[in-house]
Amino acid sequence: KNSGCIKIKINPENALLTAELLNAFYEQNPLVLFRLDGNRKFELWEMMDFEKILKEKTLHNAFIRIDYVEEPFKNFYDSKVFEAHSELKIAIDESYVHFMEAGILDFPSVIKPSLIGLSPVFLWLGSHQENRAIISTSFEHPTILEGLKFLARTRPFEYHGLENFIEITE
């Protein structure tokens, strides 16, 4: 109810449940932002169908509160195609290295420093101030949390993934 941002895990089969959750959470807090996490489970056509169902079944004001869909595609190149034909923004996660190698830096990046190191992330954040960056945990030891908080403070206006979550399953 008091959350500023809620992350919901999605897959090609749960569009209706996702729409119900978006509506319910929005009714509890109309200011909440939603981040949907696809965990590379979608083909391009599945995500297009998913978005169509969300647009039909989700309250308009709840739908526009979707900040982004994180890493939905099995093929990371589908992200550019999808964004060209969608109202939803895409964020990248583990495959951000591929996007950087391809010179595509216009997606918000969900960065897990424990996978690549605190220092490289700190250097990247400093040299890419114009890019959205969300610092996220990756099941690491609690002692790393202070380092992650330090990195998160470089982007003070983002909701970072440094807290526990409740998983809702059907």
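Basis for what follows: all heavy atoms, side chains included, without hydrogens, waters or symmetry-related copies.
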Query raised in the report: What distance do D49 atom CG and F42 atom CZ have between them, rounded to the nearest 0.5 Å?
Result: 10.0 Å
Query raised in the report: What distance do I10 atom CD1 and D37 atom CG have between them, rounded to the nearest 0.5 Å?
Result: 7.5 Å
**Report entry** same_hphob_cluster(F150, I116) at 4.5 Å side-chain heavy-atom cutoff
**Finding:** yes
Requested in this report: Sort out for me which residue in K7, R40, K9, K41 forms a salt bridge (Lys or Arg N to Asp or Glu O under 4.0 Å) with E71.
Outcome: R40
Requested in this report: To the nearest 0.5 angstrom, please state how far the CH2 atom of W124 sits from the CG atom of L151.
Outcome: 11.5 Å
**Report entry** Positive for side-chain contact (heavy atoms from CB on, under 4.5 Å) with F50, one of L88, T18, N11
**Finding:** T18
**Report entry** Shortest non-hydrogen contact between K112 and T137, atoms and distance
**Finding:** CE-O, 3.7 Å
**Report entry** Non-hydrogen atoms of V32 and F34 that approach each other most closely
**Finding:** CG1-CZ, 3.5 Å
Query raised in the report: Taking a hydrophobic cluster as the set of Ile, Leu, Val, Met, Phe, Trp and Tyr residues connected by side-chain heavy atoms closer than 4.5 Å, whether directly or through intermediates, do L36 and L33 fall within one such cluster?
Result: no
Report summary line: Heavy atoms of C5 and Y159 approach each other most closely as CB-CG, 3.5 Å
Query - Rounded distance [0.5 Å steps], OG in S79 versus CE in M47 - result: 10.0 Å
Requested in this report: Side-chain contact test, heavy atoms from C-beta onward, threshold under 4.5 Å: evaluate it for P72 versus I90 and give yes or no.
Outcome: yes
Query raised in the report: Taking all atoms of both residues into account, what is the closest heavy-atom pair of A15 and L54, and its distance?
Result: O-CD2, 3.7 Å
Requested in this report: Check whether any side-chain heavy atom of N61 sits under 4.5 Å from a side-chain heavy atom of P30, and report yes or no.
Outcome: no
Query raised in the report: Could R35 and E70 be called an ion pair, given the rule that one side-chain N must be under 4.0 Å from one carboxylate O?
Result: no
Query raised in the report: Under a 4.5 Å side-chain heavy-atom rule over Ile, Leu, Val, Met, Phe, Trp and Tyr, are V81 and F107 clustered together?
Result: yes
Query - Inter- and intrachain pairs under ring pair (Phe, Tyr, Trp, His ring centres under 6.0 Å), touching residues 53-73, at least two apart - result: F73-F82
Report summary line: Quick note, side-chain hydrogen bond (donor to acceptor under 3.5 Å, both in side chains) partners involving residues 19-33, not counting sequence neighbours, are none
Requested in this report: Could you give me the CA-CA distance, side-chain angles and deciding distance for I144 and L118, then say whether side chain to side chain contact (heavy atoms under 4.5 Å, CB included) is met?
Outcome: CA-CA 9 Å; I144 194 74; L118 296 175; 3.7 Å; yes
**Report entry** Joint cluster assignment, I8 & L59, ILVMFWY side-chain distance < 4.5 Å
**Finding:** yes
Report task. Please answer whether the main-chain N or O of L31 pairs with a side-chain N or O of R65 as donor and acceptor at a distance below 3.5 Å. Result -> yes
Report summary line: Rounded to the nearest 0.5 Å, the OG1 atom of T58 sits from the CD atom of E51 at a distance of 10.5 Å
Requested in this report: Check whether V121 and L162 end up in the same hydrophobic cluster, where Ile, Leu, Val, Met, Phe, Trp and Tyr are linked by side-chain heavy atoms less than 4.5 Å apart.
Outcome: yes
Query raised in the report: Can you tell me if NZ on K52 sees more than 12 non-hydrogen neighbours from other groups inside 6.0 Å?
Result: no
Report summary line: Heavy atoms of L148 and P113 approach each other most closely as CD2-CG, 3.5 Å
**Report entry** Atom pair CE/CG of M48 and L44 - distance to nearest 0.5 Å
**Finding:** 5.5 Å
Report task. Can you see which heavy atom on E158 is nearest to which on A133, and at what distance? Result -> CG-O, 3.6 Å
